[in-house]
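Below is one structure, written out as structure tokens, with a few remarks after it.
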Amino acid sequence: MSRRVLGPPALLLLLTGCAGVQSALDPAADQAARIETIWTLMLWICGIMYLLVLAFLAAAIWKARRRLAGPPLAQGQKSDYEQPLLRALNGWVGLTVAGLLVLTIGSFFVDRQLALAEAGDALKIRITANQWWWKVEYEDPTPSRSIVTANELHLPVDRPARIELEAGDVIHSFWVPNLGGKQDLIPGRTNRLTLTPRRIGQFRGQCAEFCGLQHANMALDVTVESPQAFAAWAEHQRQPAPPPTDPRLVHGRDVFIGATCANCHQIGGEAAFGETGPNLTHLASRPSLAAGARPYSRGALAGWIADPQSLKPGNHMPYVATTPDELNALVDYLDSLK
Ligand code: CUA
């Protein structure tokens, strides 16, 4: 993928320091590579045009100063510069039209390539955006083999993923810059996007359309991995949570079911069937908490449950009153859900 070692994109990366996990200039999928190509073309054409305008301006100032220094023109006398100026202007108009044509044709073909639906054994994923988290579902012809997770996306390398995008509340925008372009998620409508990752790694997605108070804390952890690693991850996700045996974890599980948590969240294998919030069956295996608001840790989880509104103000998770002992047991139990 890295065709240019130190082209303008790489220089810009160095300047902005945004290389790596969330950058449209470091493509790791076919779709992002196409967008980067048209981006580079636009940068070159617009950059050259800009430099030409500056050169033209400098020449005009220099010549005007020289003329002011010389004798004034007589009545009806034409300047020596008039003919060359006319030729330069004609050339400039031709150059502008040619530049715009190249950009229009280039973006037309990139757009067409991006809109192509990948045939074959594309992985089918449905992503539903909510305020402010992502529900991620991997569909399977056998319903019991489907997977539901939240705020994380695992993709096998070199296999196209056909993603259906929907929204539960307001309009959001799905964007993983290293993998592809933006696509809106609109309530009552299904949009589609294909991503074909070509490089193994960790990437970051982010909602790209203002959707309310916690728009900035609506991130998505994306893992591109080998087909074997993906199959192992998927198989693990299909397993329900093992029933706790340790008395402390049993207590935590009972707090979860007995308090209001189970009304909104689902834990496979337990009497928790809520659909309003993220599925928590494998919560502790995810890289981050509350859609990227904090890296996952037991401490962050405890803080999140103890006071959800201070970690992510405006989110829809209510405060649930617990005693310190109950909270500790609850956090121990959730932390065991790997
Ligand atoms: Cu969802 Cu911004």
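Keep in mind that the numbers below use all heavy atoms, side chains included, and drop hydrogens, waters and symmetry copies. Every number for a ligand or one of its atoms is a count from 1 in the order of the listing.
- Side-chain atoms of Tyr333 and Asp246 include no donor-acceptor pair closer than 3.5 Å.
- Judged by distance alone, the side chains of Glu139 and Ser146 never bring a donor and an acceptor atom under 3.5 Å apart.
- Looking at His172, its side chain never comes within 3.5 Å of a backbone N or O of Trp134 through a donor-acceptor pair.
- Protein N/O/S atoms found under 2.8 Å from atom 2 (Cu) of ligand 1: Cys207 SG, Glu209 O, Cys211 SG, His215 ND1.
- Judged purely by distance below 3.5 Å, without hydrogens or angles, the side chains of Glu225 and His154 pair a donor atom with an acceptor atom.
- Considering only residues two or more places apart in sequence or on other chains, Trp132 meets the ring pair (Phe, Tyr, Trp, His ring centres under 6.0 Å) condition with His316.
- Using modelled atom types, one finds no donor on one side chain facing an acceptor on the other under 3.5 Å when comparing Asp325 with Thr323.
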